[in-house]
Structures are given as structure tokens and as C-alpha cells.
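Take a look at the structure set out below.
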Amino acid sequence: MSLRPSSGNGLLDAGLNPAQLQAVTHRDGPLLILAGPGSGKTRVITHRIAWLLSQGIPGRQIVGLTFTNKAADEMRQRVASLVPRSNVWVGTFHRFCARLLRLYAPQVGLSENYSILDVEDSRRLLAEAILESEVDLSHTTPEAIAQEISWAKNHLMRPEEYVPRRTSHLAAIVARVYPAYQRRLLAANAADFDDLLLHAALLLKENPELRRDLDERYRYILVDEYQDTNFAQYAIVRALSIDHPNLTVTGDPDQSIYGWRGANLSNILDFERDFPQVKVVRLEQNYRSTQAILAVADTLIQHNQRRKPKRLFTHNPPGAPVRLIAYPTQHDEAEDIAARIAQAVRQGQRRPRDFAIFYRTNALSRALEHALREQGLPYQLVHGLEFYQRKEVKDVLAYLQLVHNPRNDAALLRVINTPVRGIGRSTLERLRMHAQRRGLCLLDAAREAGVVEGLSKKAATAVARFVALIDQLGTHVHQPLRELMEAVLDLSDYREVLQNSESEEEMERLANIEELLTVASEFDVKHPEGGGLERFLEETSLVSDTDAWQSEADHVTLMTLHAAKGLEFPVVYIVACEQGLLPHERSRFDEEKLEEERRLLFVGITRAREELQLSYAQYRAYRGQFAPTIPSGFLMELPREQMKVVDHQPAAALDDDEEFVEADELEEGFGDEGATTWESAEPSPDEDVDVCQVPPEEAQPTTRRRQRRRLRPGKRSLTSPVVTGAELLSRRSKDAEGFGFQVAMEVEHPHYGRGVITALEGLAPRQLATVFFYAEKQSRTFRLDLAPLAPVSS
DNA sequence: TGTGAGTTGATTTTT
DNA sequence: TCAACTCACA
């Protein structure tokens, strides 16, 4: 950005523009900062904190709340560089609540040594609750139940207060499972992520005195990314801003991309209604991107209805046009992008770290990784089995969890037979029965192994030894973390078992454990006062994938669009701009979700500083299916004058395995030597009619060849609502044996119109269909996995 | 009780 | 495609 950071002294001459200055120096009362991308928002918040401090407000009265750890770290550092040792608390909502709950745990039914369960552990608990509730899962999934419970918690409904959005099969199930799940959580002295917010919000709601005290204590609250707050988070900041309504929120409704997780766009859209005295500041000047990039972003987002109108502008140079490229397949896409990056790096124009590639779903990273490896480019993937999700790391942490909170059954289940010590399924089942009968946690049930019904002597001995192990570890709790962890590894034989293995995988596990030990050492150094176990466990349970991303390292960054929020790169590639992926298939029928998808693309676009490329592949292998795609509808909404549209030519023709396909179809299926697919597809109103547009009367058999050449898969779909790639995909996966087509079935082809299937031959995925088209009075044969045939729904 | 093969079913985004 | 889960067998 072109605004230079201040040198640390004079706050007000830091080169802030008038709007920024207004926001920074607003003293008391609610403040809403509507900040477009790249408008210097973080700078404004940090300077505002510094300014408040300079006004004599004690640091301990100021709280900065963010959504991610990364954002919190950055804010903390930047505040520290402006005002060292300020005592301002900066952290995520979840951490803030976790801290609060340590102090008031008994009031919500927990003890202060409660555990925070990650998604995996809470899903396991949920699975047990589902089993216990004996509900019929045939019309729903555990995932759906989890989401609904999460929704309820985010709306501050306890199990007994649960009121579904609408009565449904799912609601009836949740009404039974939610209480059972919550019972288990409390019994295990554990909280899931949603609980942290739920408990904290209810604590504030139901304890007026406590609320008043905390309101008094935290007089100035600043919330970043306010558009991503859910109802529970809203309730928390609201409760802390009644007597002292010095609440500053910043955000951008256009960058709200967590609606699926309960984020409520209304929180920011209605902020002015909630706080009538609010002062509103708009930061619309962008310091990050070129004019071309910003224009593309701005034009796209104008298509959303639910937003606060705002117009982005920049004084930056126009910059290169945004590229939009159609590739034949995802391999061409990945290879070309990797080649472009490699070339720029080789020529010394850029370094690998200047580049980022964004995609909608993690599964899309594979081809890109492969291509980057081929080019010998270093890259970093932000996702997946992140460090704290790895089995070995979770195992070791589970020992610590169990030592810290003996009631944490999830942790016990994780480690009681890891490494293997002869405690199998049936033994566990008996322990569980015993625990249930006697109302004990599993560890206490294990203590009574001798009297557990049906337990063999051998099993009882093994269990007793495990209990002894945990007890012995318990004697180490007050030692430095590193030593405690070493004790876990040695006494449990965990390390020995790994060391005795020869496999590559186990070696890697050992290395990861070494890394975990290093983390523990560092933690010990940071917290020499001891007693760090609780804090350590809290920190490790609240880390996320994106936290591992190292911005300093010199490699190409691969990440999802969601993970990209808050970052910026000189060059950005956004791949797979295709219907079904972006927008995602699940958002297809819901206008609100569709707008969120559009915001997601908006976020991606606005990460780019100098160069941006959007692309899609005409054919993509996804979920093991190789199928034609349809370009994202969002691409139609972008301004052409800021863009350069390119049809990528594959290095080698794609002709490997299409021997059964009619020549015409082959040509139609893949790109030819001609013009762009997308550009010529549908002239936008503000553009001259494209030369490739074919008038209807020309669509005669004699000109068919020419015409068909222009109507390749991408464009077909743009003009024809008949079938979408997502529909094709879902239809295909539904019917593994064929594609769901039958002889005599009426079908529609976007080009040939309606027809009837007269013959089917072969098996999927190479099933062929012969279709007689009414208009042409002629039959044609297609490969069903390639041709855009859709059954006529009547 | 532990292991391995085979099957099934799902497959967005994350504190 | 792939991971999780089941089931059979040692």
C-alpha cells in the first residue's frame, strides 16, 4: 500500500486520509467503519488503539477482537510497535470467551479445567449421542445434525430451548440428539467451539452484575471483520457495550463469507439501528490494487442486492488488464499457470512468494501442486492435515488433555490403546457400560477395572496399567511442559513404538513429535512462571490451518478463497471459475448463498495488487469423474473493457481416449483453433455483437459445422438453461451403472434441441446413446459422459 | 485382540 | 477419488 506506516511517534501525521483520521480520533460512543478491501482498515484500528491510549485510557480497558489468530497476531504486533507494553488485550472471540469461562466455569456447569474439543472430537461425541438417541439416520447425516446443533448454539438456544427454523425431520432428530450431546459434553467437562460463545453469551445475559462488571472493565471494544460475527458474538459485544457503548466495529458487508457458519450479515447491516448514536465512517479508497483489478471487483459486487452501496476507487495506476482464460482441461490450467509463474521467476521479475493461487475447494489443489512440482517451484499449501490435526500430535496432546481433565472421555478413548496395549473393543464396551451404570467418567470406571463385569483378568490388568500410567503422568503436571511431554512419550512407549518401526510414515510422525516438543520448549520459555499446561492446551485447541501460513517464506501460496481473506499478493490466480464450484453447487438454489459465493470471488479478486488471472477448464476431472464444465455465471458479470479474454491452446491435442466418439462430437467437445469460448458466447449489452454470434436462421444443417465449432461446451450452457454441469455431475454419480438414461427417454441437447433415445450401448463411463432429434429428423450418437444431454423433465 | 482387505459412502468453507 | 468403516481371519 502506498500509505507509509508511521514511524511510531506522531500518530496523527501518519499519512492518514481524512476518513481514516476521523475513524482513528473518534473518542466515545459507537463507531462503524465500513472499510472496503485494501483501504487500510487494520492500520486504522491499530492507530485508533494507539490514539485511545494517547488520550490516557488505560490499556486494560481496551479489547481488540478478531476472527482469526492470524489477524489477532498481526493486530497485536502492530499495536505493540506503535505503543510498546500497552496492556491492551487482543485476541479472537473464541479465545476471549475461553478466558472468560476459565473464571466463571462453574456458573455454566463446567469446572475451570474444562477441555476444548476440536471438530474431530466433538463429532465423535456427537456420534455417540446419536447412537444413544436411537434416531433414524436414513434421511439425514451426522454432519447435518451437527450443523443444526451449531446453528442452535449460535442462536443461544440451550437443548431445552431449541426451536427449529422450521419443523422438519431433521429438527425432530436434533431435538433428541442435542440434549444427549450436550449432556455428554458437560459430563466430559468439555466445550466445543460453539459452546465457548454460547456459554459466554448466556453468562453475560443471565448475570446482570457480572455483565456490569465486565462492561465496566472492558470500556473500549474494537471488533474486526464485524460482518463475520454470528448472533452469539453479537450478543457478547452488545452485552459489554451497554453502560459504556464505546464499541468500534469495522468490516465490509461485501466480504462476509461465513454465512454458512452462522455469520449474520444483519449484524453489520443493522448496526446503525442497534446503535442510533453511531458514527459511520466509510473507507472507500483502495491502496492495494490496480484500477483494472478494482474495477473488476467493483463491477462484480454491484450484482449483489444485500449490501451497503459503496464505490471503490483508487489512485493507483491502471495496471494490466485482468486475464480471463479458458483452458481445455484442469491440467492445461495448472500447467499453464505453473509455467507462467516459473517464467516470471526465471526472468527475475518476481519471486515465488509474489504469487498466490486460490480455489474454491481444497480438492482442486492437486493438479496445481503437481504442475508446480514439475516446474520445480516451491509452494505452500494452506490447508489439510495441518500440524495440530495430525494423528501423532493429537495423540500426544490427548495424553495432556486427559492428565489435565480426567473427565475428558474423548481424550481417553484416543489414547487408551495408543500405542497398542491390549485394550480392545470389547474391553472398552464393558468399561463404558460400567461407567454408565455407575455414573462415572471412563477414567474412573477404569480405576475400578477389577470389579468391572465381564472383564477378563488380562484385560483388567492392562486397564489398571493404563490408569497407573496416567496417574504417574499426573505427578509431572507442574514441571515445564517440555518435560511433561517427554514423560508422556517415554512412559507411554509412544516414542519407542515409533522408533522401532521402519516405515517412512512413522519416521515422519517422529519428526512431527520432535516439532511438537520444540513448540513446548518455546512455550516454556515464553511462560517461565510455570503452570502453562492449561494455556498450552487452550492455544493448541484454538489454532487453525491458516495460522500455519508463513508469509515470509519464499514460495507460491495455494489456498482456498476463504483462507485468503485478509491477505494480499502481487499476482493472484483464481482457478476453476465454474458452475458447481464457484458458485458452489450447494449454493445454486439460494439467492442469499449465491450472493455469498459472489462475495467469495470478490474477496479473491481484491487480494491481488498488480496482476490477476481468472480461469476455468472446459473439462475437469472432479470426484473421479471427467466431465464437461460450465463457466461460472459470475464471469458474465465482469466488465470486459478491463479484461483480456484468452482461449488457451493446449500443447497437445486431447485425443487420447475418444475413439468411440463421433467426429463432430469430438470437435464440439474440445476446443478448436478458433476464437474464445467465453467472449463470443454472449454479447454483453454494452458491447458490439460478437462476430461469432449465429443468427437463428443460419442454423441449418449445411452450416452446422461452422456453427458447432463456436458452440463449445462452455458457451452452450451460457445460453441454454437446459442443463448445468453440476446437474450432469450429480445425475451421473447417482447412477453408477449408466447415466440414468433409458431407451425411449426424451432428452434435450442445447444445440440439436429435443429428441428421443433410440438405442443405448456400452457401459458407463463409455456408454453411447443414439438420439433421434425431432427438428433435424436425424439420429446422432453421443458418448454420454461427454455430451450435454439432459432428460426432458415434464 | 489386532490386522488387512474390501466396501461403502461422501465430497466447502473453519474458530 | 479417497478415506473411513466393516468384517473376516489369524
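Below, chains carry the letters A, B, ... as their sequence lines are ordered, and counting in each starts from 1.
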Of all residues at least two apart in sequence or in a different chain, which pass the side chain to side chain donor-acceptor pair (under 3.5 Å) check with A:Glu597? A:Arg360, A:Ser587
What integer distance in Å separates A:Arg124:CZ from C:dA3:C1'? 14 Å
Classify A:Phe93 by what it touches in the nucleic acid, base, sugar-phosphate, or nothing, heavy-atom distance under 4.0 Å. nothing
Please enumerate all residues that pass ring pair (Phe, Tyr, Trp, His ring centres under 6.0 Å) together with A:Tyr181, with sequence neighbours excluded. none
Quick one: A:Trp151 CH2 to B:dT14 P, roughly how many Å, whole number? 23 Å
Give the nucleotide from the list B:dT13, B:dT14, C:dT1 with an atom nearest to the side chain of A:Gln147. B:dT13
A:Gln227 CD - B:dT13 P separation (whole Å): 20 Å
Hey, can you tell me if A:Tyr258 and A:Phe67 have their rings parallel, tilted or perpendicular (30° and 60° cut-offs)? tilted
Mind listing the side-chain donor-acceptor pairs of residues 89-99 of chain A below 3.5 Å, one per line with the distance, residues two or more places apart or on another chain?
unit_1: A:Thr92; atom_1: OG1; unit_2: A:Arg95; atom_2: N; d: 3.1
unit_1: A:Arg95; atom_1: NH2; unit_2: A:Asn69; atom_2: OD1; d: 3.3
unit_1: A:Arg99; atom_1: NH2; unit_2: A:Tyr218; atom_2: OH; d: 3.4

Mind calculating the distance between NZ (A:Lys153) and C1' (B:dT14) to the nearest angstrom? 16 Å
Are there any protein N/O atoms within less than 3.5 Å of an N/O atom in nucleotides 1-10 of chain B, and if so, which ones and at what distance?
unit_1: B:dT1; atom_1: OP1; unit_2: A:Ser426; atom_2: OG; d: 3.4
unit_1: B:dT1; atom_1: OP1; unit_2: A:Thr427; atom_2: OG1; d: 2.5
unit_1: B:dT1; atom_1: OP2; unit_2: A:Ser426; atom_2: OG; d: 2.1
unit_1: B:dG2; atom_1: OP1; unit_2: A:Gly422; atom_2: N; d: 3.0
unit_1: B:dG2; atom_1: OP2; unit_2: A:Asn417; atom_2: ND2; d: 3.2

Would you call A:Asp73 and A:Arg76 a salt bridge, taking side-chain N to carboxylate O under 4.0 Å as the test? yes
Starting at atom CG of A:Leu600, determine the distance to atom P of B:dT14, rounded to an integer number of angstrom. 10 Å
Rounding to an integer number of Å, can you tell me how far A:Leu364 CG sits from B:dT13 P? 9 Å
Mind calculating the distance between OH (A:Tyr359) and C1' (B:dT11) to the nearest angstrom? 16 Å
Please report, rounded to the nearest Å, how far the P atom of C:dC5 is from the CZ atom of A:Arg123. 13 Å
What nucleic acid atoms does A:Arg95 come within less than 4.0 Å of, heavy atoms only: base, sugar-phosphate, or nothing? nothing
Contacts of A:Phe523 meeting ring pair (Phe, Tyr, Trp, His ring centres under 6.0 Å) (sequence neighbours excluded), chain-then-number -> A:His527, A:Phe536
Using the ring pair (Phe, Tyr, Trp, His ring centres under 6.0 Å) criterion, which residues pair with A:Tyr226? Sequence neighbours excluded. A:Phe271
Mapping A:Thr361 and A:His94 to their closest nucleotides on DNA chain B, which lands nearer the 5' end? A:Thr361
